[in-house]
**Student:** 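Below: one structure in structure tokens.
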Amino acid sequence: MAAPSEEDEDSLALDYYSLLNVNKEATSQEINNAFRKLSRLFHPDKHIDPAKKKYAESMFGKLKKAHEVLTDTHRRAVYDTYGEKGLEMEGMEVVSRTKTPAEIMAEYERFQREQEERRLQQRTNPKGTVSVGVDATNVFDSYDMDMEYSAGVPSAEISSMSIYQSVECPLTVKDTAVIAGTLSTQNGTGTGAFMASWRRLTSDKGWAEVEGIIGNSMAVSMKGFRQLTKRCYGTSVLALQATPRGIRPALATTLACQLDKNVQGRVVWNAGFPSSMSTAIVYDTQKHHAVFSIQFGVPNTFLSLSYMRKFQESEAKLRGAVKVGTLGAVVEYGFEKKVSQFSVLGATVAVGVPVGVTVRVRMHRGQQTFVFPIHLSEQILPSAIFYGTVIPMLTFFTVKKLIVDPFIQEQKKRELEKKREEYAEKLAEKKREAQAAVELMRETVERSVESEERRSGLIISKAFYGKLASVEERDLADSHCIDVVVPLQAFVKESKLILEEYSTKSDLPGFYDPCIGEDKKLYIRYRFRKRYHQVTLNDNESIRLPQEKHLMQDDPGPSGAMS
């Protein structure tokens, strides 16, 4: 059985803030008050029954540890940044004697760097790109040829292919070497090159890199990056390339400034051959990305505008662009969609002069990129544009619906089953602890219900936490929900239920995670002033009860009868 990943371990780690029911900005006084309130429920001295006393000791020990960490400035600073693993890390005995939170963070980061250096040799970060060019102009352009040339079935052929692969070799935290190679062939002519570079972080504001290329041509280049101000940075590249006519120098510099939160300006000067000067304005938000650029150069001077609409929920992008210059004009449109956790698929159609019609299909999987530029027509033909647009879309949605989606669903199902098996013992222990906490709460809850009944206050009648099969019908998936009426009623005080915002509610006393790795919700039905209310909340939402907007529409009112 595979060992649990760090991410999975983090999902089961105890959240001290959730355990004490305080938010992450809580003061020491608020933490003390929360600890005292829970201590009245779980202190071992308040329970006589041996079984209850044993569970109370376990629960009180967790509450005490959470209280000690969150009321200690130094330990809380580490916990907020690194979680429980930070508190348990070797070397914490040194950190615990530092004088300020800033010092504790500096010491911990030093330990982290030391661990990072030990892991460097295990990293190679391989990256690769495979590009296969397809010439399909015979399929569309053949209809415009004479009959003697257009006879037979039109066919497509591979016109070019290139492969690029690189591997990183981390030397120290500041030094990284990269080894890369590239091979390409076009129309029967092949080229290749071997590249090696060394990059060094000169400071927290810059880096420098030296690269050498050996192959069909030889070249050496020096690159540099520097953060000039909080808003501006600059890059510079100096290259020397060996040609039959001698050494050809080239120089390129870039200056970029953040004009405001979402707008960046760039100026690029190319002093090589061909030389050019360009400027660009980039607008970028969570939903929109637009670039306007203009370049003056010989022989290419152009004006371009591109816009991308980003759909965060569906992890998709739509893009359109237009470019007009001395060498022609091109209009582009395309889409990109994340089809799995590590795979992105996209296609772009380019229509213009002198390129004609081209479709560029791109798939990114992990660190590997596969590109398929397909040249459909030398001319701007409606048939080429139509098929170049429709066929990739139909292919994408067909493959996604019939192959990708079923595969991903089955994969998720297997991963969830595997995760449940890996954590079965730990989850069973958490379930026992939650059930024991509920038993410890019952007497207090009974008194709370009696008190709230007398004042027509807040009484929780139904509450389920976990995977709801149907939010509208309140149907519950078998074994994927737990009853949390008792722990919620235990938090009711003076006819109010207030639970803070957390990453998950599974660490609240009396709760546990019934469906690890899946999205969870909390459904509550409660009675307040003899009227029934209900609400469904996401796992990380805060709770403020009662609220008038939770009133059930079919509630007959105080005079009516409801079970």
Side-chain angles (χ1 to χ4, degrees), residues 126-135 137 157-169 176-200 207-225 234-255 266-280 293-302 304 323 325-330 350 352-356 358 360 362 369-375 378:
K127 297 180 182 179
T129 301
V130 177
S131 178
V132 180
V134 179
D135 185 354
T137 57
E157 62 179 18
I158 295 177
S159 58
S160 64
M161 180 180 294
S162 65
I163 300 174
Y164 170 83
Q165 187 71 40
S166 69
V167 176
E168 289 186 359
C169 305
T176 302
V178 178
I179 300 174
T182 180
L183 292 172
S184 63
T185 178
Q186 185 171 7
N187 298 325
T189 303
T191 60
F194 172 80
M195 294 158 280
S197 65
W198 170 54
R199 174 177 292 191
R200 179 173 177 80
W207 52 261
E209 181 178 292
V210 178
E211 182 181 62
I213 301 175
I214 300 175
N216 290 66
S217 63
M218 298 180 63
V220 61
S221 66
M222 291 171 285
K223 306 175 185 178
F225 168 88
T235 65
S236 182
V237 180
L238 175 62
L240 300 174
Q241 183 179 6
T243 68
R245 297 183 179 181
I247 303 297
R248 175 185 292 174
L251 175 65
T253 59
T254 300
L255 176 64
R266 301 174 189 163
V267 177
V268 180
W269 176 50
N270 241 321
F273 183 83
S275 61
S276 63
M277 174 71 78
S278 64
T279 184
S293 62
I294 183 170
Q295 175 177 301
F296 297 97
V298 178
N300 192 13
T301 296
F302 66 82
S304 70
K323 181 178 179 180
T326 55
L327 298 183
V330 178
V353 177
V355 296
T358 300
R360 184 181 179 89
R362 178 179 177 273
T369 302
F370 301 89
V371 183
F372 302 92
I374 306 172
H375 196 188
E378 298 283 356

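Keep in mind that the numbers below use all heavy atoms, side chains included, and drop hydrogens, waters and symmetry copies. Just so it is clear, the structure is predicted and the values come from calculations on it, not from any experiment.
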**Student:** For Ser293, check side-chain hydrogen bond (donor to acceptor under 3.5 Å, both in side chains) against everything at least two apart and list the hits.
**Tutor:**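 Partners of Ser293 under the side-chain hydrogen bond (donor to acceptor under 3.5 Å, both in side chains) test: Ser304.
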**Student:** Provide the closest heavy-atom pair for Gln165 versus Gly128 in the form atom of the first, atom of the second, distance.
**Tutor:**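 Scanning both residues, the minimum pair turns out to be OE1-CA, 3.6 Å.
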**Student:** Donor-acceptor pair, distance only, cut-off 3.5 Å: does the side chain of Asn270 make one with the backbone of Ala252?
**Tutor:**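 Side chain of Asn270 to backbone of Ala252: no pair is present.
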**Student:** How far does CD of Gln186 sit from CD1 of Ile158, to the nearest 0.5 angstrom?
**Tutor:**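 That separation rounds to 13.0 Å.
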**Student:** Between atom OG of Ser166 and atom NZ of Lys127, what is the distance when rounded to the nearest 0.5 Å?
**Tutor:**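 It comes to 6.5 Å.
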**Student:** Please identify each residue that fulfils side chain to side chain contact (heavy atoms under 4.5 Å, CB included) with Ile247, with sequence neighbours left out.
**Tutor:**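 Ile247 satisfies side chain to side chain contact (heavy atoms under 4.5 Å, CB included) with Leu240, Ala242 once adjacent residues are dropped.
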**Student:** Sequence neighbours left out, what passes salt bridge (charged side-chain N to carboxylate O under 4.0 Å, His left out) with Arg200? Give chain and number order.
**Tutor:**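 Partners of Arg200 by the salt bridge (charged side-chain N to carboxylate O under 4.0 Å, His left out) criterion, ordered by chain and then number, come out as Asp175.
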**Student:** Can you name the side-chain hydrogen bond (donor to acceptor under 3.5 Å, both in side chains) partners of Thr191, sequence neighbours left out?
**Tutor:**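 Residues passing side-chain hydrogen bond (donor to acceptor under 3.5 Å, both in side chains) with Thr191: Ser184.
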**Student:** So, applying side chain to side chain contact (heavy atoms under 4.5 Å, CB included) with Lys223, which one of Leu238, Thr235, Val237 is it?
**Tutor:**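 With Lys223 as partner, side chain to side chain contact (heavy atoms under 4.5 Å, CB included) holds for just one option, Val237.
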**Student:** Could I get the full list of salt bridge (charged side-chain N to carboxylate O under 4.0 Å, His left out) partners for Arg362, not counting sequence neighbours?
**Tutor:**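 Salt bridge (charged side-chain N to carboxylate O under 4.0 Å, His left out) check on Arg362 returns Glu336.
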**Student:** How many angstroms lie between atom OG of Ser131 and atom OH of Tyr164, to the nearest 0.5 angstrom?
**Tutor:**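 Those atoms lie 14.5 Å apart.
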**Student:** So, the side chain of Thr326 versus the backbone of Thr301: is there a donor-acceptor pair under 3.5 Å, distance only?
**Tutor:**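 Yes, Thr326 side chain to Thr301 backbone: donor-acceptor pair under 3.5 Å.
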**Student:** What's the spacing between Phe370 CZ and Thr129 OG1 if we round to 0.5 Å?
**Tutor:**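 Phe370 atom CZ to Thr129 atom OG1 measures 9.0 Å (nearest 0.5 Å).
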**Student:** About how many Å separate CD1 of Ile213 and CE of Met218, when rounded to the nearest 0.5 Å?
**Tutor:**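 These two atoms lie 10.5 Å from each other.
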**Student:** What pairs with Thr185 under side-chain hydrogen bond (donor to acceptor under 3.5 Å, both in side chains), at least two apart in sequence or on another chain?
**Tutor:**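 Partners of Thr185 by the side-chain hydrogen bond (donor to acceptor under 3.5 Å, both in side chains) criterion come out as none, since no residue qualifies.
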**Student:** Which residues pass the side-chain hydrogen bond (donor to acceptor under 3.5 Å, both in side chains) test with Asp135, not counting sequence neighbours?
**Tutor:**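 With sequence neighbours excluded, Asp135 shows a side-chain hydrogen bond (donor to acceptor under 3.5 Å, both in side chains) to Thr137, given in chain and number order.
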**Student:** Given 3.5 Å as the limit, does a donor-acceptor pair link the side chain of His375 with the main chain of Gly133, or not?
**Tutor:**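 It does not hold such a pair.
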**Student:** Taking side chain to side chain contact (heavy atoms under 4.5 Å, CB included) as the definition, give me every residue that meets it alongside Ile294, ordered by chain and number, with sequence neighbours left out.
**Tutor:**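 So Ile294 forms a side chain to side chain contact (heavy atoms under 4.5 Å, CB included) with Thr279, Phe296, Leu303.
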**Student:** Holding to side chain to side chain contact (heavy atoms under 4.5 Å, CB included), I want the full list of residues that pass it with Arg199, two or more places apart in sequence or in another chain.
**Tutor:**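 Expected list: Trp207, Glu209.
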**Student:** Taking C-beta and beyond as the side chain, do Val178 and Ser197 meet within less than 4.5 Å on heavy atoms?
**Tutor:**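 Yes - at least one pair of side-chain heavy atoms lies under 4.5 Å apart.
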**Student:** Roughly how far apart are Asn300 CG and Ser276 OG, rounded to 0.5 Å?
**Tutor:**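 Going from CG on Asn300 over to OG on Ser276, the span is 8.5 Å.
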**Student:** List for me each residue that meets side chain to side chain contact (heavy atoms under 4.5 Å, CB included) alongside Thr253, sequence neighbours excluded, and say none if there are none.
**Tutor:**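 Partners of Thr253 by the side chain to side chain contact (heavy atoms under 4.5 Å, CB included) criterion, ordered by chain and then number, come out as Ser236, Leu251, Trp269.
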